[in-house]
Amino acid sequence: MEHVQLGRGDTDFIRAVETESGQKVSRCYQCGNCTAGCPMSFTYDFTVSRIMRLIQLGQKNTVLSSKAVWMCASCESCSTRCPNHIEVARILDVCRHMSRRAGFGGARNVRLFADAFLQSVRWHGQSHELGLMAVYKLLSMRLFDDLTLAPDMLLKNKLPFKPHRIKGRDEVAGIFRRYAQGRGLHGGGKK
Amino acid sequence: MSAKTYAYYSGCSGSGTSKEYDLSTRALCAALGITLADVPDWSCCGSTPAHMVDHALSAALSARNLAQSEQLGLDDFVTPCPSCLKNTHNAIEQMRDPGFRKEVDRLTMRPLARKHRAFSVLQLIYEEVTPEGLALKIKKPLHGLKLAAYYGCLLTRPGRSMRFDDEENPVSMDRLLEAAGAGMLPFPLKVECCGGSFGIPRGDVVARLSGRILELACSMGADALVVACPLCQMNLDLRQKQIRSAVRLNFHLPVFYYTQLLGLALGLPEDQILLDKLVTDPKPALAKIEIIRPPDVPAQPAKEVPA
Amino acid sequence: MKIGVFICHCGSNIAATVDVKKVAETAGRMAEVVYATDAMYACSEPGQQAIEEAVKKYALSGVVVASCSPRMHEATFRRTVERAGLNRYMFEMANIREHVSWIGRDQGPNTVKAIELVRMAVEKLRLNRALIPRKLPATRRALVIGGGVAGIQASLDCAEAGLEVVLVEREPSIGGKMSKLDKTFPTVDCSSCILGPRMVDVAQHERITLYAYSEIESVSGYVGNFEVVIRKKAAYVDWDKCTGCGLCIEKCPSKKNFDRFNEGLGSAAAINIPFPQAIPKKAVIRAEDCRQFQGKKCGICAKFCPTGAINHEQQDELVTIQVGAIVAATGYDLADWTVYGEYGAGRYADVITSLQYERMLSASGPFGGHIKRPSNGEEPKSVVFIQCVASRDPSIGRPYCSGFCCMYTAKQAIMTRDHIPDSQSYVFYMDIRSPGKGYDEFTRRAQEEYGAQYVRGRVSQVYPRGNKLVVRGADTLLGSQVEVEADLVVLAVGGEGSREAAGLAEKLRISYDSFGFFLEGHPKLKPVETNTAGVFLAGSCQGLKDIPFSVSQGSAAAAKTLALLSRDMLESDPQTAQVDIKRCIGCGKCIQVCPFQAIREADLRGQSKAEVLEAVCQGCGLCNATCPQGAIQLSHFTDNQVLAEVEALLCP
Amino acid sequence: MSVSSTVSGAAAPELRIVGFLCNWCSYGGADTAGVGRFIQPTDLRIIRLPCSGRTNPLFIAKALLQGADGVLVSGCHPRDCHYAEGNFYARRRLEVFKQLLPVLGVDPRRFEYTWVSASEGQRWQMVVSKFTEQIHSLGPARRLPGAPELEWLRESAG
């Protein structure tokens, strides 16, 4: 990591994280409880408590380009055990939103999966698991990863080949459309 | 038992990978006298991907389902799926903020008219039927079965928001299964994450996290794991073969939905609890159920309470 | 009336955001004000001098000072005007610092507010009248509540100085938390070796009366003349006969009871003496554990007692005493650590509290000074200490640092290596707080000489694997998760006010906070006083303290008690209720509401009238607000005086 | 509501708010807030009483009828009264009084009764900020010059 120039942190970033998450990052006193319990920590480049510290110092680019904000599983261990009742998982969520908006790649497969999932919802109103997996596999070029699973699932007759399309799917698509339209104006986050 | 009706939201996996959870939940509720009314033409809550993208979008997808449930004239929204619950619950909580609510209304173009409450089917059974009430209805007790209840990370956490059971050591499933005669192990990883939605994009993550859960349950001598979450079940059961090779251990641990086991204990037929949908063969575990009743249990089935 | 007004700058504390000159100028034009000026520091010697001189020069009959809170300096300025020859109640204060300059940033509104507060003070002062305090005799005896190290120190100091002392302790023995400790930091000397002799001194002192296994039933009266009822709980043993031989304990068949002194490690007999050095060394039967009381046939203790001291019929006894001052030294209790489900506290036998560990280390403890895993009795080789359990944790409502845990944990890590040379200790900490003589050096020794591994981070989870405990945590300096297998996990649990503190505070009429700590008179200048005259504080009941600090406070509280009771006569506060006999209709409503029974019905030529017992009246004014006739008025806070303030503000 | 937002809203013209505080808890709490430099709106003027139980409803009625836009009474927390039970009487009396305010033509939201201890500086800041905000949202009170009630009160206070 580059040396950090204190006093040159991005205070707008700190404020944006606080506004969008509704949390006060200065309440973090760096006890490390979030890091201690984080099940995904082994996949991170920065531990959760360090992400919190980086936000406190306004290190926008380091945070938004980190793998950690993308690999968080939203399991709420950090929020549950934070002695200061900071909703840490929500802060990571918000950083992920910002990372996406700012065009940082993040963990590519995680992003692709999310995109594929939401596309499925947009098309059908419900997520279609088999179709979703197909789209994701094509996008991620990881065609053979879960090959061992498919026979089991098909054998158990769990995955319908055809998606169930709800009547209100246009309405759902409308939500996505208005979201895409309003994103520039509203920033999409919590006010 | 209250004669109340609850708006029921099965969630997308209920028509796919967790078909058995949905069906056994419906059968169990019917047997316990709980009336569920399906949310008409429901849509996906957006699951983890939606709140990874944007909170208002995520809330809007949930809000549409709440709006649909208003057609039933019901405020209480129940779902078996903790992930759907979390999204709906968060949507309701965050929409207390007028600015946030306005943005959600802009997306859905359907402002909500009622004050909604979202909770899990597990909470409904635990608090409305209660373990004591359930015990009276047990026909085939699960004596002899040693189980580890695994709640997953979302169902009770954080406690200040979910307001159900204990956030670190939940006991609701344990108490219900105990009432059904099963022996419950003091499983310490009840709320540890299984890897959640990372199953598809990062199988290695799930192998590691779910592996730890399976490994500990095995080493404690559990005959099976019991879960209340479709995603957990998929990771622990469907991916068990992958996990076995990843952590180089040879365990075969069936992973039941609690609704299936309670259904079994209530004497529900196989076509309502669909044990054959489980990937890891549950027969060796089920064989441990002692057919001979212990002397302290009456030979006659408990008196039926009219549903 | 000729009024002088003095507006204080308080350096820049007030002057920075209040136009002090303008306030003084405006005050000069207020009714009956003949002199108004500003002063750099009104409370300083020249400041007070100036007030005295002005009183004489302008023949002032009343003074208003606008400065800090009256809770800070009202007494100071009352003495000033008294020196200048005025009655001390011909004085009013306007609080333009705490209530104005420190909470508002804009000079404009601040100045307006200051002027209005001064006008209110002037208008009230115009209705003030001279009040004369009465002299009251004081009882030269002190009550000390709580026989921990702070209470012991306070008792001994008072008794040494010649005062009679009554010491009340709720447990069967004095000694408090310190008597449970094995060693003390940073000297590692034996706790009972230094406390024991002090306990004996208490027992032997001719001027100390000890009521052990007793509680405060009620407190009435006021400074110099408190009447206290003490409940001596039934021990079911006649302590005059009991010699403390211990034969009953040996013979008692009910042995598997919760051992309170040993924090639940090991077990206790239903009849018990908590520890060998107990003062008094007398047996107590716990009815809930005793077979006889559970309706079973027993009475074995009575059969074997060589002096016939056992008395299953004994009842609680109430004793009434008169004292002039009270020292509360009720100490602390451990906070509830079982709320930490992630540590498995209360579920896993080998996860224990620091206080349990002290009992384990103690040679007179249940394990004879051997460290053993409660689950299987084996000697632990890997011991993990978790600091800040129920301290610095706003999420469970305990945001404060308990202050002593860092130090006792270092001590326990040292003692662990001392007892088991091939053991390894791990200490999970957030920050090491070790201000104090030799304290920081001590924590360094734990690491450098005793090899304790300090890990900067918190523990997220403890769970059993095989017969070991897995401790998962973070090392934030490393920036990674860490895991260690432990045989024993010791939680450095923080403290909170004693569980009975709130009830006692209500009896003593002192304030307490949400953590159960008593509120001192002033956080800096009155650390052992309370807002109730004649009631003082010592030790951890005011806020957590280590031993040297508790002892110092015990001595400080004793000094305050001695200073108070060194006078034969005390002055009563003349701000009491007065009855206007002509207006009183004898309805008796004031008698009903008075919390102090300070009003009684008196017969005046065949008519019933209220009469105030001035010595008993505490000046709350409840009667004044209740009286339908306005016949009973609280001096210095009469209806007219308060309404004058309202009117000064709204209809200037 | 965030405290800073109300503080910055102090640009609005000041309204007249009278506070009756007990000496032992709330007045101390207001002092603690000052010592902690917890910035508050400046509208409030505090009158110190020995106990919240000393608050004669007459004081409040008179203040409101003489043009106060709000009245705040604050005492010790329940069970934590310097005079054992003064705050208990205050609460009973003032709750009844609040019910009567509409009769006097006063919006009951203009009067509040709270508890703040001497150590709760931050709580005091919150109480003052919230109450001031509430009064500002109600706006200046209707003045009642020569109201018969006022005359009656003036006489009975005599």
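Excluded from the calculations below are hydrogen atoms, water molecules and symmetry mates; all remaining heavy atoms, backbone and side chain alike, are included. A note on names: the letters A, B, ... follow the listed sequences, proteins ahead of strands, and every chain is numbered from 1.
Ring centers of Phe111(D) and Phe97(D): under 6.0 Å apart, within the cut-off. Ring pair Tyr83(D)/Tyr89(D): centre-to-centre distance not below 6.0 Å.
Chain C forms more heavy-atom pairs under 4.5 Å with one residue of Leu49(D), Asn23(D), Ile47(D), Leu44(D) than with any other, namely Ile47(D). Contact count against chain D (heavy-atom pairs under 4.5 Å) is highest for Pro70(C) among Cys68(C), Pro70(C), Pro109(C). Of all the listed residues (Val18(D), Ile46(D), Val128(D)), the one sharing the greatest number of non-hydrogen pairs under 4.5 Å with chain C is Ile46(D). Interface summary for chain D: among Asn531(C), Thr532(C), Val100(C), the most heavy-atom pairs under 4.5 angstrom belong to Asn531(C). Of the residues considered (Gly28(D), Pro57(D), Cys25(D), Ser119(D)), Gly28(D) shows the highest number of contacts with chain C, using heavy-atom pairs under 4.5 Å. Per-residue counts of heavy-atom pairs under 4.5 Å with chain D were compared for Gln618(C), Lys507(C), Lys113(C), Glu645(C); the largest is that of Lys113(C). Chain D forms the most heavy-atom pairs under 4.5 Å with one residue out of Asn95(C), Val593(C), Leu519(C), and that residue is Val593(C). Listed options Val112(C), Asp513(C), Asn624(C), Thr626(C) were ranked by heavy-atom pairs under 4.5 angstrom with chain D; first place goes to Asn624(C).
Looking at Asp639(C) and Arg54(D), a side-chain N of the basic residue comes within less than 4.0 Å of a carboxylate O on the acidic one, giving a salt bridge. Salt-bridge formation is not detected for the pair Glu133(D)/Lys130(D): no Lys NZ or Arg NE/NH1/NH2 atom is positioned less than 4.0 Å from an Asp or Glu carboxylate oxygen.
When heavy atoms are compared at a cutoff of 4.5 Å, Leu117(C) approaches chain D solely by way of its side chain, counted from C-beta outward. Both the backbone and the side chain of Leu622(C) have a heavy atom closer than 4.5 Å to some heavy atom of chain D. Both the backbone and the side chain of Phe59(D) have a heavy atom closer than 4.5 Å to some heavy atom of chain C. The part of Thr55(D) that comes within reach of chain C is its backbone (N, CA, C, O), which places non-hydrogen atoms under 4.5 angstrom from that chain. Only the side chain of Arg93(D) comes within contact range of chain C, with heavy atoms under 4.5 Å apart. Proximity to chain D (any heavy atom under 4.5 Å) is shown, for Leu508(C), by neither the backbone nor the side chain. Only the side chain of Glu116(C) comes within contact range of chain D, with heavy atoms under 4.5 Å apart. Heavy atoms of Glu92(C) lying under 4.5 Å from chain D are absent altogether. Using a 4.5 Å cut-off between heavy atoms, Thr530(C) makes no contact with chain D at all.
Between His77(D) and Trp115(D), the ring-plane angle classifies as tilted under the 30° and 60° cut-offs. Using the six-membered ring where Trp is involved, Tyr89(C) and His636(C) have ring planes that are perpendicular, over 60° apart on the 30 and 60° scheme. Taking the six-membered ring where tryptophan is involved, the planes of Tyr27(D) and His99(C) are tilted, since the angle between them lies from 30° to 60°.
Side-chain contact annotation: His136(D) with Asp43(D), donor-acceptor N/O pair under 3.5 Å present.
Of the possible donor and acceptor atoms, one in the side chain of Asn110(C) sits under 3.5 Å from a partner among the backbone N and O of Gly104(C).
Residues Leu537(C) and Glu529(C) share a closest heavy-atom pair of CD1-O, 4.3 Å.
Of the two cysteines examined, Cys627(C) and Cys590(C), the SG atoms fail the criterion of being under 2.5 Å apart.
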